[in-house]
Amino acid sequence: MAETLLDVRGLRLSFATEKGSVRALFGVSFSVAPGETVGLVGESGCGKTVTALAVLRLLQSPPAIVESGEIVFRGEDLLALPEKRMCGVRGKSISMIFQEPMSSLNPVLTVGEQVAEVFTAHNVCGKREAAERAVEWLRKVHMPDPSLRAREYPHQMSGGMRQRAMIAMALALTPSLLIADEPSTALDVTIQAQILSLLRELRERERMAVLLITHDLGVVHDFADRTAIMYLGRIVEIAPTRELFADPIHPYTQGLLASLPGKRTGEKRLPSIPGTVPDLSNVPPGCPFADRCPFRREALSRFLAREVPADPLAVCDREDPPLYEYSGGHFAACHHQRTVRGGGAR
Amino acid sequence: MLRYIVRRLVGAVPILVGISLISFLMMHMAPGGPIGAGTDLNPKATAESRARLKAYYGLDQPLHIQYGRWLVRMSTLDFGDSFSPDGRPVAEKIKERIPITLTINVLSMGLIFLVAIPVGVYSAVRKGSLFDRISTVAVFTGFAIPTFWLALLLMILFGVKLGWLPISGISSLDYGSLGPLGKLADRAHHLLLPVLLLGFGGLAGMSRYTRANMLEVIRQDYVATARAKGLPEGTVVFRHAMRNALLPVITILGLSVPELLGGSVIFETIFAIPGLGQLFYQGVMSRDYPLIMGILTIGAFLTLLGNLLADVGYALADPRIRQG
Ligand SMILES: Nc1ncnc2c1ncn2[C@@H]1O[C@H](COP(=O)(O)OP(=O)(O)OP(=O)(O)O)[C@@H](O)[C@H]1O
Ligand SMILES: [Mg+2]
């Protein structure tokens, strides 16, 4: 494998709730190479945001507990860093843009102050220079009237402008990895396109890697070098984007793609697949998708109708499939496909 | 902003009139009257002399005439003369009493601010910690203890048993012979217990309120943004979370004026402090109508002023309102 920037290995994480411990991540593994964009796609509640927050160690603990796994960034396990050094990573080497531009900026500080803070927090320069650089960055994200806008408060700006300010803040120290959690979902379509093209422009200019979290397959198709599909707290398929769209392996991915009307439509929500996602507090053993999987359903009904003497996919209800590598860099977690396609063990 | 303040002040006039009308009616509905207080137990007082007194004070007129007269006088800021034997103008009496009451109230408010807010913030930031649990218990104990009872207990402990603190008045007998520093120390010594106790009631509520606000704010997205920038926890808490959490506290502080004034009546009476509260208590006991009405009006005015200051303070602190 080529050089990696971020390598998340077998991340298991749970939340302590009143009703007991609820696991949200079931061994998430993926990597991001320098300068590469990886798309992370999945239905609402599958754990995308939790994964992102875990990488930056922004989940409050309690309730969040990392049970096992490693988050290796530039060869160092972030989970083992003391908090003080972690502060040095956040905003400087890895930064993050949040889902909701309307609530992600502090209402009582000016936008300029909030961008400038990134410089002062990491002792890059003094206050005055930080303010100048903040205006400079607002200009770089194409904020209209940057020096005027820097003195304004978030409530005076539109959602699109706030998201630009967030991007300025995230990129101010030219991090090597940007985590963008649905940076455009909350915006309307034209603004969405502007924000994405801005991200594309800056990604190229700053040569940074991006972990792009989204519901929108259209966005990853256009934007990501590789795409990871997430389902119920694990990654079920990960492959170069082009390959994933051309030859999806996991039945869940196939379902997602099959129900896309045209690949470039700006669907906000992922198309529906029959069945419901199991509740996190009560995940059955075996493959988490088995209940909704067309292959599993068919095999089971044929077995129940006594058309076949044995249930060929009984394993799906028993064992949680690990990621198998099918071809160079194309991984999927599926018992059925493995028997059909014969993927090699990872 | 100035326009807004003027508008609010003008709007306060009808409210004040309304409050005074209700107070006036309640005062007259209460049993007893100013004449009775002085004559009921006096065997020499005849029905005739009572009637004369009544006419002298204008109490023989129907209520609406009495109220009308009072209102007309008030409109020229004339509070009238007290019914008490000294018969001095009410305005004069209030003026000499108000500084001590305001001092005690401002000091208690300061105390509430200085203690309740740090306690509230710290217990929110360390939610579930030993400190949080202890302060929670303390707060609920504080809610449950009647303060006047606590006042009596503390007076017995510090004043009588230990003899550390004076238990009445605002100055010692030798106050006049003390130097300026000595005077200050003497005052502080006398005011310590009253200020503590007057603030005590507010402490519990305010620290709880601060804690709740802080917990709410810490969950906000912009706090996560602040952390994601790599700011140290202290900066996140003080610069980003606390400022937002304290905005509503400003309002509550402004709204606590009537509570404090009410408390003054009790504590000034218990501690024999010659302030407005004590004067009010004496006025009520002797049914000194002009004095009662005067103090109630001042109290209502201070309350409305507190509300206005709270709103102005909030607007100054919150850019969304300042510029909206
Ligand atoms: N603090 C928490 N305590 C308990 N459970 C939590 C907590 N935060 C997240 N979860 C749970 O973790 C799961 C994953 O949530 P997450 O926010 O990562 O979803 P997501 O994939 O980002 O969804 P969306 O697309 O809606 O943003 C959810 O089921 C959620 O209920
Ligand atoms: Mg999310």
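It should be emphasised that the depicted structure is a prediction, and the values quoted were computed from it without experimental measurement. First the proteins, then the strands, lettered A, B, ... as listed; each starts at 1.
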Exercise for the section: Decide yes or no on side chain to side chain contact (heavy atoms under 4.5 Å, CB included) for B:R227 and A:Q60, but give the supporting numbers first. Expected result: CA-CA 11 Å; B:R227 290 212 173 90; A:Q60 294 298 315; 3.0 Å; yes
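Considering only heavy-atom pairs separated by less than 4.5 Å from chain A, the leading option among B:L247, B:N244, B:T235 is B:N244. No other option in A:C87, A:S95, A:G91, A:P107 has as many heavy-atom pairs under 4.5 Å with chain B as A:P107.
Dense packing is recorded around NZ of A:K140, with more than 12 heavy atoms of other residues, nucleotides or ligands lying under 6.0 Å away. The neighbour count for B:F238 CZ, taken as heavy atoms of other residues, nucleotides or ligands under 6.0 Å away, does not exceed 12. For B:F301, the CZ atom is loosely surrounded, since the number of other residues' heavy atoms within 6.0 Å does not exceed 12. Counting non-hydrogen atoms of neighbouring residues, nucleotides and ligands closer than 6.0 angstrom, the CZ atom of A:R205 exceeds 12 such neighbours. Crowding of B:F113 atom CZ: a count of heavy atoms from other residues, nucleotides or ligands under 6.0 Å not exceeding 12.
Once rounded to the nearest 0.5 Å, the distance linking CD of B:Q220 with CG of A:L105 reads 12.5 Å.
The closest side-chain heavy-atom distance from A:M96 to B:T225 is not below 4.5 Å.
Of the two parts of B:I218, neither the backbone nor the side chain holds a non-hydrogen atom closer than 4.5 Å to a non-hydrogen atom of chain A. For A:M86, no part lies near chain B; criterion is any non-hydrogen pair under 4.5 Å.
B:A228 and A:L58 make their closest contact through CB-CD1, 3.7 Å (heavy atoms, listed as atom of the first residue, atom of the second, distance).
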Show me the donor-acceptor pairs, under 3.5 Å and distance only, between side chains in residues 112-121 of chain A and residues at least two apart or in other chains.
from   : atom 1 : to     : atom 2 : distance (Å)
A:E113 : OE1    : A:T110 : N      : 2.7
A:E113 : OE1    : A:T110 : OG1    : 3.1
A:Q114 : OE1    : A:N106 : N      : 2.9
A:Q114 : NE2    : A:N106 : O      : 2.8
A:Q114 : NE2    : A:L109 : O      : 2.9
A:E117 : OE1    : B:K229 : NZ     : 2.6
A:E117 : OE1    : B:H240 : NE2    : 2.9
A:E117 : OE2    : B:R239 : NE     : 2.5
A:E117 : OE2    : B:H240 : NE2    : 2.8
A:T120 : OG1    : A:E117 : O      : 3.1

